[in-house]
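In what follows, a single structure is set out as structure tokens and then discussed.
Counting starts at 1 for both ligands and their atoms, in listed order. All values derive from a computational prediction rather than experimental measurement.
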Amino acid sequence: MAHSNDFQIRANSQTQVVNVGPYSIGGSEFAVIAGPCSIESESQFLETAEAVKSHGACLLRGGIWKMRTSAKAFQGLGPSAFELIQRVLKKTEMMLVAEVTDPRQIEELDGVVSMFQVGSRNMHNYSLLKELGQSKKPVLLKRGFAALVDEWIKAAEYVTTHGNPNVILCERGIRTFNSNLRYTLDLATAVQARSLTHLPVIIDPSHATGRPELVSPLACAALAAGLDGVMFEFHPHPQSALSDGPQALHLDQLDDLTQRLSRLAEALGRDMEPVANDRPQA
Ligand code: PEP
Ligand code: MN
């Protein structure tokens, strides 16, 4: 394995805990991060936040600028969503992870998110990664869907060597020959990345498969494999979602996932992130 670990990324060492507000990712807890693909409206985001919070999610996800394959597809609400986001976060006492698609967005997004997300299509955007190295907020770095493990780790080093040690890796599926699935979850590489680095590793089974019914079994697989968490898409009304509706979990599937994960966590002696009522804001 041609892996360069001559900088801060350390192989086979104890996983570093990344703190996001009061939550620790990379320790004994298995983190659940959930929310819509895109933030669409205040009612959609509030309904989502309340549902995922009551199911034990420690962080809310939601896209503000979307990296869509088609220029004609919904591109996200952009900064016009900031006020509604602040109201929802305050009301539900939750924290947000959202994708930053351009270095020029970092400053304005800083007041809204507790963790920056770098999407699969931007894993190789080195100017974005360098800028995030200057941030004090953690960075969730998704794997490019055609990236080698070595390229993924080297992308993380762009953030860490520029001053920000708080990186979490996220495996979100790679291109393979299975045309029945959107991508293929590369669980083996997720586990390998955890031992080749000291960084926490989570999975995103929603984008990895495009199939809501596969999210729960793969989340359980990640927990059983010793990974640090899962991020998935939930929508209160998937059929009317403006992006990625077909892969979003609905309420029954969220119930099922939560029950399965907590039973497995108990059997494995892992903690789920606590549902705290007194969560401080980031
Ligand atoms: C997302 O999580 O909103 C997303 C677009 O995912 P990815 O970058 O993995 O395609
Ligand atoms: Mn999506």
Pairwise side-chain contact, V139 with V118, heavy-atom cut-off 4.5 Å (strictly under) = yes
With the Mn ion (ligand 2) as the point of reference, which N/O/S atom of E233 is the closest?
-> OE2
Taking the Mn ion (ligand 2) as the reference point, name the nearest N/O/S atom of H207.
-> NE2
Consider side-chain contact (heavy atoms from CB on, under 4.5 Å). Of [options], which one does [X] pass it with?
X    : options                : value
H235 : Q247, E40, E47         : E40
T176 : L185, T184, D186, L181 : T184
L169 : L140, L199, L196       : L199

For G119, the ligand 1 atoms whose distance to one of its heavy atoms is below 4.0 Å | 8 (O)
Note: ligand 1 atoms sitting under 4.0 Å from heavy atoms of Q117 are 1 (C), 2 (O), 3 (O)
Flag K66 as yes when one of its N or O atoms lies below 3.5 Å from any N or O atom of ligand 1, and as no otherwise.
-> yes
Going by an N to O cut-off under 4.0 Å, is there a salt bridge joining K66 and E99?
-> no
Checking heavy-atom distances from atom 9 (O) of ligand 1 to each of H207, R182, R172, the winner is R172
For [atom], grab the closest protein heavy atom and report residue, atom and distance to one decimal in Å.
atom                   : value
atom 8 (O) of ligand 1 : S120 N, 2.8 Å
atom 6 (O) of ligand 1 : K142 NZ, 2.9 Å
atom 5 (C) of ligand 1 : E99 OE1, 3.8 Å

Does M67 come within less than 4.0 Å of ligand 1, judged by its heavy atoms?
-> no
Would the number of heavy atoms belonging to other residues, nucleotides or ligands and lying under 6.0 Å from CZ of R104 be above 12?
-> no
Kindly say whether G63 contributes a backbone atom to a donor-acceptor pair with the side chain of Q117 at under 3.5 angstrom?
-> no
Mark yes or no for whether S114, through its side chain, and V20, through its backbone, hold a donor-acceptor pair below 3.5 Å.
-> no
Angle subtended at the Mn ion (ligand 2) by SG of C37 and OD2 of D244, to 10 degrees?
-> 100°
